[in-house]
Amino acid sequence: MEEVINCTPSIGSGSFDGKTDLRGQVELRDVSFAYPDGSGEPVLRHVSLTVRPGETLGIMGATGCGKSSLVQLIPRFYDATEGTVLVDGVDVREYDLHALRDKVAIALQKSELFSTTLGENIRWGREDASREELEEAAEVAQAAEFIHRKSDGFDTPVAEKGMSLSGGQKQRIAISRAVLKDAEILIFDDATSALDLKTEAELYAALNRKKGNVTKIIVAQRVASVQNADRIAVLEEGRLIACASHRELLRTCPVYRDICRSQGKEGEQVG
């Protein structure tokens, strides 16, 4: 235990305070990445990509192609093995870690919930948020309706690890938390997988209305989750093989067309 407490973190903090003219731009320049304790085989290979401020970028590809690994490089959960990751034009390694991560909010497929109230779980995104801001974040995340159906509303206790909530409810609480943070870059890493398509569509419509100036990066398995994104990046075996709109990819990218076809009715709907 003492060795763990006294170990030096592998990700060292820089000194840059995060004040930039740009807000919400993400750029990867010839980025490759291999997990430090893995086989040494890169999971990302020479990826170059720029996400413009306020843009919505979808990321798709087969399981294990590097989608989650890519977005984890943005807040420096890991550092790129080769190449450079920049946020607002500055190498992420130059940032003070708190300043960098203040710019980013993340909702995961399985986000951690705590044994406290629904409201406190959402306020983990921003502890000083007002009740009005809490309500608005829940509305955007399509969580307000089920919260208000509970007798204690936002004061409803949550069982350990969120066991008192369904998978979709847990995801909407995690999304509420990310929205409440009011960061300039919002990352959903398969964060809507437990939602039905109607609820997911309403969520993204509300996000665009309320957070239109926020850069949104959406990692997804379902084509329907990203079909309305400005662009969709398609990864295959760690390489970026295409990045364009849904319609353009249907016309030019065989891998993307195969993903659409493999999803049966979903693929027909978006085609």
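These figures come from a predicted structure and were not determined experimentally. One is the number of the first residue; the rest follow in order along the sequence.
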From CA spacing to verdict: side-chain contact (heavy atoms from CB on, under 4.5 Å), Asp17, Asp96:
CA-CA 6 Å; Asp17 64 6; Asp96 173 87; over 6 Å; no

Check the hydrophobic clustering (I, L, V, M, F, W, Y; side-chain heavy atoms under 4.5 Å; chains of links allowed) and say if Ile217 and Val47 are grouped together.
yes

So, does Lys67 use its side chain to make a donor-acceptor pair with the main chain of Gly238 at under 3.5 Å?
no

So, Ser15 versus Tyr95: side-chain donor-acceptor pair below 3.5 Å or not?
no

Would you say that more than 12 heavy atoms from the other residues, nucleotides or ligands in this model lie under 6.0 Å from the CG of Asp128, or not?
yes

Steps toward side-chain contact (heavy atoms from CB on, under 4.5 Å) verdict (Glu55, Lys216):
CA-CA 6 Å; Glu55 184 177 21; Lys216 292 170 279 291; over 6 Å; no

Heavy atoms of Asp258 and Arg261 approach each other most closely as OD1-NH1, 3.1 Å

Could you walk me through whether Glu27 and Leu49 pass the side-chain contact (heavy atoms from CB on, under 4.5 Å) test, one step at a time?
CA-CA 6 Å; Glu27 184 179 359; Leu49 175 68; over 6 Å; no

Side-chain (Asp190) to main-chain (Ala220) donor-acceptor, under 3.5 angstrom:
no

Less than 4.5 Å apart, any side-chain heavy atom of Thr63 and any of Gln221?
yes

Verify, without hydrogens or angle tests, whether Gln109 (side chain) and Ser193 (backbone) share a donor-acceptor contact under 3.5 angstrom.
no

Ser48 side-chain N/O to Asp30 backbone N/O, donor-acceptor pair under 3.5 Å:
yes

Using a strict threshold of under 4.0 Å (side-chain N to carboxylate O), is an ion pair present between Glu133 and Arg126?
yes

Under 4.5 Å between side-chain heavy atoms, hopping through other hydrophobics if needed: is there a path connecting Val234 to Val43?
no

Backbone N or O of Ser245 within a donor-acceptor pair of the Arg231 side chain at under 3.5 Å?
no

Between Leu57 and Val31, is there a shared hydrophobic cluster once you connect ILVMFWY residues whose side-chain heavy atoms come closer than 4.5 Å?
yes

Among Arg23, Gln25, Lys103, exactly one meets side chain to side chain donor-acceptor pair (under 3.5 Å) together with Asp88. Which residue is that?
Lys103

Would you say that Thr56 contacts Asn228 through its side chain, given a criterion of any heavy-atom pair below 4.5 Å between the two side chains?
no

Is a donor on one side and an acceptor on the other found under 3.5 Å between the side chain of Arg257 and the backbone of Arg251?
yes

Any Val87 side-chain heavy atom under 4.5 Å of Ile74 side chain:
yes

Would you name the heavy atoms of Ala229 and Gly58 that are closest together and state the gap between them?
CB-N, 3.8 Å

Do Leu203 and Leu186 belong to the same hydrophobic cluster, where Ile, Leu, Val, Met, Phe, Trp and Tyr are linked whenever their side-chain heavy atoms lie under 4.5 Å apart, directly or via other members?
yes

I need the minimum non-hydrogen distance between Asp79 and Leu73, along with the two atoms involved.
C-CD2, 4.0 Å

Could you tell me which non-hydrogen atom of Thr81 sits nearest to which non-hydrogen atom of Phe33, and how far apart they are?
OG1-CA, 3.3 Å

When rounded to the nearest 0.5 Å, the distance separating CD of Glu139 from CZ of Arg209 is 10.0 Å

For a 4.5 angstrom cut-off between non-hydrogen side-chain atoms, does Val158 reach Thr116?
no

Any ion pair linking Lys211 and Asp182 (charged N to carboxylate O, less than 4.0 Å)?
yes

Closest non-hydrogen atom pair between Leu207 and Phe188, with its separation
CD1-CE1, 3.7 Å

Under a 4.0 Å N-O cut-off, is there an ion pair linking Arg222 with Glu200?
yes

Answer with yes or no whether the hydrophobic clustering places Ile59 together with Leu86; edges join I, L, V, M, F, W, Y residues whose side-chain heavy atoms lie under 4.5 Å apart.
no

Among Leu249, Ile259, Ile218, Val223, which one satisfies side-chain contact (heavy atoms from CB on, under 4.5 Å) with Ile232?
Leu249

Side chains of residues 150-157: which donor-acceptor partners sit under 3.5 Å, not counting sequence neighbours?
residue: Thr156; atom: OG1; partner: Gly153; partner atom: N; Å: 3.3
residue: Thr156; atom: OG1; partner: Gly153; partner atom: O; Å: 2.7

Donor-acceptor contact present, side-chain Glu135 to main-chain Glu132, <3.5 Å:
no

Taking atom CZ of Arg177 and atom CG of Leu118, what is their separation to the nearest 0.5 Å?
11.0 Å

Is the closest side-chain heavy-atom distance between Ile106 and Phe77 below 4.5 Å?
yes

Any side-chain to backbone donor/acceptor pair from Arg172 onto Gln142? Under 3.5 Å, distance only.
yes

Checking side-chain polar atoms at under 3.5 Å, does Gln171 have a donor or acceptor matched by the opposite partner on Ser111?
no

Quick check on Glu145: does its CD atom have over 12 non-hydrogen neighbours (other residues, nucleotides or ligands) under 6.0 Å away?
no

For the side chain of Thr252 and the backbone of Glu248, is there at least one donor-acceptor N/O pair under 3.5 Å apart?
yes

Does Arg239 pair with Glu236 as a salt bridge, N-O distance under 4.0 Å?
no

Do Leu235 and Ile241 have side chains that approach each other closer than 4.5 Å (heavy atoms only, starting at C-beta)?
no

Flag if over 12 foreign heavy atoms under 6.0 Å of CZ, Phe146:
yes

Taking atom CG of Asp196 and atom NZ of Lys198, what is their separation to the nearest 0.5 Å?
7.5 Å

Is there a donor-acceptor contact under 3.5 Å from the side chain of Lys181 to the main chain of Val104?
yes

Please tell me if the side chains of Phe16 and Val92 come closer than 4.5 Å, counting only heavy atoms from C-beta onward.
no

Output for pair (Ile185 CD1, Arg101 CZ), nearest 0.5 Å, gives 13.0 Å

Are side-chain heavy atoms of Ile173 and Ile122 found at a separation under 4.5 Å?
yes

Please find the pair of heavy atoms, one from Ser69 and one from Leu44, that lie closest to each other, and give the distance.
C-CD1, 4.1 Å

Nearest 0.5 Å, please: how far is CZ in Arg45 from OG in Ser32?
8.0 Å

Verdict with reasoning, Thr215 to Glu184, per side-chain hydrogen bond (donor to acceptor under 3.5 Å, both in side chains)
CA-CA 6 Å; Thr215 303; Glu184 60 189 62; over 6 Å; no

Distance in Å, Glu136 CD paired with Ser176 OG, rounded so as to fall on 0.5 Å steps
11.5 Å

